2 protein chains.
Amino acid sequence: MQLKTTQQTSIFRVLDTLNRPVTPQELLGAASIESPGLGLATVYRVLKKLVEADRVQKIELAGVPPHYEVQSDKHHHFFVCEDCQRILEITGCPGGFKKFLPEGFTMTSHEVILYGICRDCSPLTGKEN
Amino acid sequence: MQLKTTQQTSIFRVLDTLNRPVTPQELLGAASIESPGLGLATVYRVLKKLVEADRVQKIELAGVPPHYEVQSDKHHHFFVCEDCQRILEITGCPGGFKKFLPEGFTMTSHEVILYGICRDCSPLTGKEN
DNA sequence: CGATAATTGAGAATTGATTCTCAATTTTTT
DNA sequence: AAAAAATTGAGAATCAATTCTCAATTATCG
């Protein structure tokens, strides 16, 4: 997929710059600065094509609405802040999950999600304190 | 929460008997055998109360609709069959996730989801073969 | 340049999960 | 058993995420 219009370019660039999973709404807000008047429908349209082209990944985790982020090539997992609801990519993985599979089962992939409080929301280090 | 009516009893008993995460629709189908005419609204009503009473857990995993299962006291994770979409509880956990947390972050819980093909859907051992 | 095709924004429509409404039925209380 | 309270089923309503519709705008081609 080639990015032709101003809107498409803005959406992808902003997503790439943010460099973390964001909701379509968040993306609309951020990309609207570059592309005033941008509509949510366009954000969804472009995201859909980018996902199909495998340039963007849709991330669905329990407890938070779907997020999108630029496709990353390296194996990673996620951290969800229970306070601000932000998602952060985590690098690193303990691995060795296959041994937990029941007999006869095959594993093609796995996901690890850590829940907790991020630095910004922590009472000791947070921006609010 | 005490189970008073036939419907409530059936819903909980069937859920307990199935002993795996199921969708409200699946539960409706199974419990309808014991309680003919059972309605989906009642299934949701009872599930909601059971969840509030901590006797049932709502399980939300990416790619599949919400499932419900009787509360289990032991730490566990899930396996999602990419073919039949069934969810299976997995016991065991590698642990040691905290070391992947960025500085200043706190972890309160974690989730591990294994995706793959279950035994029944496997071409070698599946029931269809 | 002028026609045709593609894209966009706004809001309506859709989708899937869940909740609400309300009359009918069942249960509980007295 | 009569009255009051709770529960139920069916379908309407809601809710959040996403898609569709359509007229207006923009881009592309000959």
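Here is how names work: the chains are called A, B, and so on, in the same order as the sequence lines, proteins then strands, and each is numbered from 1. These numbers were taken from a predicted model, which means no experiment stands behind them.
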Geometric class of the A:His77/A:His110 ring pair [parallel <30°, tilted 30-60°, perpendicular >60°]: tilted
Of the listed nucleotides D:dT18, D:dT7, D:dT19, the one nearest the side chain of B:Lys4: D:dT7
Member of B:Glu69, B:Glu26, B:His67 meeting the side-chain hydrogen bond (donor to acceptor under 3.5 Å, both in side chains) criterion with B:Arg20: B:Glu26
Pairwise side-chain contact, A:Tyr68 with A:Leu27, heavy-atom cut-off 4.5 Å (strictly under): no
Examine [N]: is either OP1 or OP2 under 4.0 Å from a nitrogen or oxygen in the side chain of [X]? Give yes or no.
| X | N | answer |
| --- | --- | --- |
| B:Gln25 | C:dG16 | no |
| A:Lys58 | D:dA17 | no |
| B:Tyr44 | C:dT18 | yes |
| A:Thr5 | C:dA6 | no |
| B:Tyr68 | C:dT18 | yes |
| B:Gln7 | C:dT26 | no |

Pairs where residues 89-108 of chain A contributes a residue and the test side chain to side chain donor-acceptor pair (under 3.5 Å) is met, not counting sequence neighbours: A:Thr108-B:Glu82
Separation of atom CZ in B:Arg45 from atom P in D:dG11, rounded to whole Å: 14 Å
